[in-house]
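Lettering of chains follows the sequences in order, A, B, ..., and the numbering in each one begins at 1. Just so we're clear, the structure is a prediction, and the values are computed from it rather than from any experiment.
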There are 2 protein chains.
Amino acid sequence: MDKDKIDKKDHILDVAERVFSDLGFDGASTRMISGEAGVNMAMLNYYFGSKEGLFLAVFERKISSFQALLQNIGNESIDAWDKLAKCIDNYVDRIIVNNCFQKLINRELSMSKRSELSDKITEMVMINVWEIAKILEEGVKNGQFFKDVDVQLAIATIFGTKNYIINAPNISSTLLGHDIKDEKYLEERLKPRVKTYMKRLLKAYLVNDNDNTK
Amino acid sequence: MDKDKIDKKDHILDVAERVFSDLGFDGASTRMISGEAGVNMAMLNYYFGSKEGLFLAVFERKISSFQALLQNIGNESIDAWDKLAKCIDNYVDRIIVNNCFQKLINRELSMSKRSELSDKITEMVMINVWEIAKILEEGVKNGQFFKDVDVQLAIATIFGTKNYIINAPNISSTLLGHDIKDEKYLEERLKPRVKTYMKRLLKAYLVNDNDNTK
DNA sequence: CAAAATTAATCAAACGATTGATTAGTGCAA
DNA sequence: TTGCACTAATCAATCGTTTGATTAATTTTG
């Protein structure tokens, strides 16, 4: 019925997300995706219009889940630093585990051509960026953060550090001395470590009231 | 003659580097590269054996120039923080201007398959990573940096922040309010700004002696 | 309710275009 | 003439997409 159809579309999107993440938009083929999903090739075009339509559908499915999170944090009545700390915790939780989608985003964003596609992706990513920017600017405005912090570049650090860890698995694994695909290590060791590090780093740079008690 | 041949090969590599950077390995076609380079398509296979051979040749040409820089800084007789500051300055100078190769590196590193290729790239990148790690560990050991700094994740921040700025041009341009391709803005505004920011950020996180005079 | 009509879902097959690669042959310099 | 640099033509393979036909499900009709 309708539910089966949605399940099948969702299943195709699951497979497409993984294949696109592993091979990139160009590297992945519609035959490969349909084959792994166990559906006829024509179904991809039937459901999504085209390869690009499928690609965008993979993205659009993820948008909403990313948006709500940050907006809720932004609207809480806590100070800017606590908001930022919450964002960091949530980001690390969400993204380090299922990182293939993030890799997909970064890879396609770095392409110069493909304007329609990357414009759409940019638009999506910017939603999250603005949410963080709002928090940082709030902290600057009310004096909790230093007046001369570079908000834009601080955002580059937040997202860039995270991206680097998940985006270059070979580098990260060599650097950290663990297989970054090891689920147990990821959950028990890396996640709290990244959370602690990110908060320490940003607190040192941002927060005006540098109490030594920490 | 031989010199002409080398020049032509170098010209092909120049074009290939740009096209690969813009479109990725899969997105770029040998016809496109040979067309833009003004040579016959068969010349690519004649010189480099295959598309993958050309791709690797693009990388191998760049390796040596990256290595020498950091090693020289590491061997200077200045303290760890000054070494790090020098590394940052040099990195920003070198990489922000001609960023297409860095984009190429990051994109291909994030691919899960293509092991032979990404292994070679990983090996290259790690040379730079270890050089920075040595400097950080030196600073921790002699007490100039805090004992509990996370050296590995600090490296992720250094490279990650830089990558984010150059790697996601649409994001960066929207975030910074300038076209990141604008050469004049890049040189006069962004470069000093990134240098200042990176040093402030890392000093706040790393350096034990927090004098208020800065 | 049951038969007919309509729509949605699915399939195998084939489309033209483009891919990376190879061939056979040309021209030139030593 | 022999060997090398180079080209035009062509190769099989694969690409994303479209097609026409078939089955399954739903709606309409008598």
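For A:E137, there are no salt bridge (Lys or Arg N to Asp or Glu O under 4.0 Å) partners two or more places apart in sequence or in a different chain. Among residues two or more places apart in sequence or in another chain, the salt bridge (Lys or Arg N to Asp or Glu O under 4.0 Å) test is passed with A:D179 by none. The side-chain contact (heavy atoms from CB on, under 4.5 Å) search around B:V140 returns B:F145, B:V149, B:V151, not counting sequence neighbours. For B:T157, the side-chain hydrogen bond (donor to acceptor under 3.5 Å, both in side chains) criterion is met by A:T161, A:Y197, not counting sequence neighbours. Remark: B:E17 pairs with B:R61, B:K62 by the salt bridge (Lys or Arg N to Asp or Glu O under 4.0 Å) rule, at least two apart or across chains.
Separating the CG atom of A:L44 from the P atom of D:dT19 is a distance of 17 Å, rounded to the nearest angstrom. Taking atom NE2 on A:H11 and atom P on C:dT10, their separation rounds to 13 Å, with Å as the unit. For the pair A:N45 CG and D:dG16 C1', the interatomic distance rounds to 7 Å; values are reported in whole Å. In this structure, A:M32 places its CE atom 17 Å from P of C:dT19, rounding to the nearest Å. Taking atom CG on A:D26 and atom P on C:dT18, their separation rounds to 15 Å, with Å as the unit. Whole-Å rounding puts the A:F20 CZ to D:dG16 C1' distance at 11 Å. Rounded to whole Å, the distance from CG on A:L23 to C1' on D:dT14 is 15 Å. Atoms CD1 (B:I33) and P (C:dT19) sit 11 Å apart, rounded to a whole Å.
Comparing D:dT18, C:dT10, D:dG16 by their closest approach to the side chain of A:K51 singles out D:dG16.
Using a cut-off of 4.0 Å between Lys/Arg side-chain N and Asp/Glu carboxylate O, B:E138 and B:K141 are scored as not salt-bridged. In summary, B:D93 and B:K195 engage in a salt bridge, as defined by a charged side-chain N under 4.0 Å from a carboxylate O.
Considering only side-chain N and O atoms, A:T30 lies under 4.0 angstrom from the phosphate OP1 or OP2 of D:dG16. A sub-4.0 Å separation between OP1 or OP2 of D:dT7 and a side-chain N or O of B:Y46 is absent. Proximity of B:S29 to the phosphate of C:dT19: a side-chain N or O atom is located under 4.0 Å from OP1 or OP2.
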Report each atom pair, protein N/O against N/O of nucleotides 11-15 of chain C, whose distance is under 3.5 angstrom.
from, atom 1, to, atom 2, distance (Å)
C:dC11, OP2, A:N40, N, 3.1
C:dA12, OP2, A:N40, ND2, 3.3
C:dA12, N7, A:N40, ND2, 3.3

